Structures are given as C-alpha cells and as structure tokens.
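Below you'll find the structure, written out as structure tokens, and then a few comments.
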Amino acid sequence: MEELKLTQEWDKVFPKSDKVEHSKVTFHNRYGITLAADLYIPKNVEGKLAAIAVCGPFGAVKERASGLYAQTMAERGLLTMAFDPSFTGESGGKPRYMASPDINTEDFQAAVDFLSLHEKADSERIGIIGICGWGGMALNAAALDTRIKATVASTMYDMTRVNAKGYFDAEDSEEARYEKKQAMNAQRLEDYRSGTYALGGGVVDPLPEDAPFFVKDYHDYYKTKRGYHARSLNSNGGWNITGCMSFLNQPILKYSNEIRSAVLIMHGEKAHSCYFSRDAYADMVKDNPYADNKELLIIPGAVHTDLYDGGGKGAIPFDKMEEFFTENLK
C-alpha cells in the first residue's frame with residue numbers, strides 16, 4: 001500500500017469524545033489506492049461489535065460530518081470508521097481531486113472489507129452511512145454489496161443526476177448535456193497541454209448578495225468556523241473541472257429497487273436537495289419485494305447542511321439512527 005502521512009493531532013471541527021478510543025488507520029481498495037480513516041471504538045464494551053463505515057459529504061473530509069457521525073455512533077456502542085475517499089483528504093490516489101462513480105462506490109466496499117476483518121468487528125453486522133453525495137454512493141454500494149446489512153443515506157445527492165440534469169433538473173436536455181461535455185473535453189486538452197488539472201473552484205467566497213439559498217447554506221458551513229477545513233475541496237479550490245465528467249452518463253441508482261437490506265433515507269424538509277431523497281426512496285421501493293425494511297424520514301424545518309452538524313438545533317436524528325442500526329444489525 002502507498003504510505004500515507006497522516007495527521008496525528010486532533011484536527012476535527014467537533015470536540016473529541018472521552019467515551020471512545022480513537023486511532024488513525026489505512027486500508028486499500030481493489031484499484032490499489034490507499035485510503036485514510038479515523039477509527040472509533042467504544043470504551044468498556046466486550047465482544048464483537050456491529051460496525052459502520054461513514055463517508056461524506058461530497059468534497060468534504062473525515063474531520064467534519066462523517067467523523068461526527070462516526071464518533072457519535074461509537075458512543076452508542078458501534079465500532080465505526082470515517083474515511084476520506086480516493087483522491088481527496090489524507091487518502092491516496094493521483095491525480096488529486098477526481099471523482100468516480102465506480103471507484104468511489106468501491107471505496108465503501110473496501111471499507112467493508114477492512115471492517116469485516118477487524119478483530120473487534122462482527123463481519124455479519126456491517127452497515128454504512130453516506131452523507132450528501134456519498135448518500136447516493138451508499139445506496140449504490142448497498143445495491144452491489146450483499147455484506148452490507150443496513151444503510152443510512154443522509155441529506156443525499158444523486159451525483160449522476162445533478163451532473164447530467166443540473167439542479168432541480170433544470171438542464172435536462174440533450175443540448176445542455178452536449179454543451180457540458182463539449183466544455184469538459186476542451187478542458188481535457190488544456191489540462192493535457194499544461195500538465196496540470198485546473199480546479200473548478202470551491203464554495204464561492206465572498207458570498208454574492210444575490211446568491212441562491214443553497215449557496216448561502218453551503219457558505220455558512222464550508223467557509224466559516226462551523227465547517228472550514230484546510231484539506232476540504234469545498235472550503236478551498238474545489239474539484240478538478242473534469243473531476244466529475246464520468247457522472248454525466250452513469251446513473252448510480254439504476255438497481256436501487258433490488259436492494260434487499262435495510263435502508264433509512266433521511267433529509268431536511270427545507271433542504272434544496274430534498275427531491276433527491278424523495279425520488280430515490282420512491283424508485284427504491286417501486287416493485288421491490290423487500291420494501292418493508294426501507295424508510296424515508298423527513299426532518300421538519302431542517303436545511304441541507306443541518307444534517308452535516310446538526311445546524312445548532314440538533315437536527316441529526318442520532319436516536320433514530322441508533323434504533324435503525326440496533327434493529328437491523330442484530
């Protein structure tokens with residue numbers, strides 16, 4: 001495996017818990033990329049534990065929302081791991097700041113490999129949590145990996161849909177997609193010529209007065225003390241311009257209605273992105289003989305980033321998640 005240089009001091013945007021043991025670990029996916037993770041193990045718990053891998057949001061790092069989810073669920077008795085996906089954060093993979101519906105789904109499966117073989121984990125009780133763009137990846141992994149017994153998708157994005165159709169499907173036409181592909185392919189030549197990959201820019205800063213609400217929502221998280229982190233793409237230069245090119249013609253949720261394992265999709269009622277979860281849930285249960293263990297939870301008054309860190313109002317339903325995993329990771 002590639003040798004990674006991992007930060008050992010606590011550099012999360014949330015306080016460290018005295019109820020869990022924390023350590024840095026690495027694992028590799030089947031493409032040979034080494035990934036970095038924070039492992040959280042509850043103190044004073046005996047026997048094999050149910051285990052959960054957590055990732056997201058899209059363009060974030062494990063020192064934020066995924067780490068908060070992982071640490072909190074570890075406080076509730078689960079062995080958990082928050083990881084940086086390939087090409088981002090402390091994880092390996094070059095060139096940097098690329099995304100792939102295939103490789104990033106594989107990242108979740110590689111995390112399941114690691115947890116399944118961990119000495120303190122019960123390999124028959126493995127779950128995953130995906131946040132934002134990783135909520136869609138989590139559903140894709142659940143459709144592919146029969147070892148995953150329970151999945152939570154929180155404030156999810158379908159990254160293939162938003163890339164191919166734009167926000168709120170406002171660019172859902174052959175012409176609009178052709179223009180995107182034309183621009184990206186022109187950018188490929190520029191990148192090849194220069195020997196570098198141009199960045200697309202992170203969350204806009206300073207914030208324009210006429211910015212849409214969802215941009216203000218992201219700015220309030222990624223560009224403030226609430227969620228800024230030096231390694232995060234969204235806080236800084238963003239993904240490569242061509243980083244998400246393959247999402248344009250690869251729908252990741254094609255077989256979501258064949259998921260047999262338990263799924264909880266949860267989203268804020270006032271989130272700009274709520275339509276992703278509503279539609280994903282409807283598609284997942286349609287003609288699915290295993291629909292009884294699927295649930296859509298809409299959280300009143302919550303916006304998109306409230307499910308990153310609670311939004312100062314305790315919006316993340318950790319009690320519900322604990323109940324869900326307890327029931328489905330028996």
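Here the structure is a predicted model, which is why all the values come from computation and not from measurement.
- Here the closest non-hydrogen pair linking Ser246 and Asn249 is O-OD1, 3.5 Å.
- Note: Phe114 and Phe27 have tilted aromatic rings, judged against thresholds of 30 and 60 degrees for the angle between ring planes.
- Asn240 and Thr242 share no donor-acceptor pair across their side chains, judged by distance under 3.5 Å alone.
- Taking 4.0 Å as the cut-off between side-chain N and carboxylate O, Asp319 and Arg76 count as a salt-bridged pair.
- For the pair Gln71/Lys12, no side-chain contact is recorded, criterion being any heavy-atom separation below 4.5 Å from C-beta on.
- A salt bridge does not link Glu2 with Lys94: none of the charged nitrogens is closer than 4.0 Å to a carboxylate oxygen.
- Distance check, rounded to the nearest 0.5 Å: CG of Leu35 to CG of Asp107 gives 4.5 Å.
- Under the 4.5 Å side-chain heavy-atom criterion for ILVMFWY residues, a single connected hydrophobic cluster contains both Tyr275 and Ile131.
- By the 30° and 60° cut-offs, the orientation of the rings of Tyr308 relative to Tyr222 is perpendicular.
- Here the CG-OG1 distance, from Asp38 to Thr80, works out to 9.5 Å after rounding to the nearest 0.5 Å.
- Phe325 is listed as a side-chain neighbour of Val152, based on a closest heavy-atom distance under 4.5 Å.
- A donor-acceptor contact closer than 3.5 angstrom links the side chains of Glu75 and Ser17.
- Rounded to the nearest 0.5 angstrom, Gln109 CD and Asp145 CG are separated by 4.5 Å.
- In the hydrophobic cluster analysis, where Ile, Leu, Val, Met, Phe, Trp and Tyr join through side-chain heavy atoms closer than 4.5 angstrom, Phe168 is grouped together with Phe276.
- Looking at heavy atoms from C-beta onward, Ser154 lies in side-chain contact with Tyr69 at the 4.5 angstrom threshold.
- Atoms CD1 and CZ, from Ile52 and Arg125 in turn, are 10.5 Å apart once rounded to the nearest 0.5 Å.
- Side-chain contact between Leu207 and Lys223: absent, with no pair of heavy atoms (C-beta onward) separated by less than 4.5 Å.
- Looking at Glu190 and Arg193, a side-chain N of the basic residue comes within less than 4.0 Å of a carboxylate O on the acidic one, giving a salt bridge.
- Side-chain polar atoms of Asn234 and Tyr221 form no donor-acceptor pair below 3.5 angstrom.
- Side chains of Asp220 and Thr305: a donor-acceptor N/O pair is absent below 3.5 angstrom, by distance only.
- Counting only N and O atoms by type, the side chains of His304 and Thr155 include a donor and acceptor under 3.5 Å apart.
- In this structure, CE on Met284 lies 9.5 Å from OG on Ser277, to the nearest 0.5 angstrom.
- Salt-bridge check for Glu90 with Lys62: passed, with a basic side-chain N closer than 4.0 Å to an acidic carboxylate O.
- Relative orientation of the Phe83 and Phe108 rings is perpendicular, given thresholds of 30° and 60° on the angle between their planes.
- For Tyr228 and Asn236, the side-chain atoms include at least one donor-acceptor pair closer than 3.5 Å.
- Side chains of Lys48 and Leu79 form no contact here, defined as non-hydrogen atoms less than 4.5 Å apart.
- At a threshold of 4.5 Å between non-hydrogen side-chain atoms, the residues Arg177 and Asp172 count as touching.
- For the pair Lys24 and Thr7, the minimum side-chain heavy-atom distance is below 4.5 Å.
- Between atom CE of residue Met156 and atom NE2 of residue His267 there is a gap of 8.0 Å, rounded to the nearest 0.5 Å.
- Ring orientation note: the planes of Trp134 and Phe58 are tilted relative to one another, at an angle of 30° to 60°.
- Below 30°, between 30° and 60°, or above 60°: for His22 and Tyr40 the angle between ring planes is between 30° and 60°, a tilted geometry.
- Salt-bridge annotation for Asp84 and Arg231: absent, with no side-chain N of the basic residue lying under 4.0 Å from a carboxylate O of the acidic one.
- A perpendicular orientation is assigned to the rings of Tyr218 and His272, their planes being inclined by more than 60° (bins at 30° and 60°).
- Side-chain contact of Ser232 with Arg64: a donor-acceptor pair under 3.5 Å is present, judged by distance alone.
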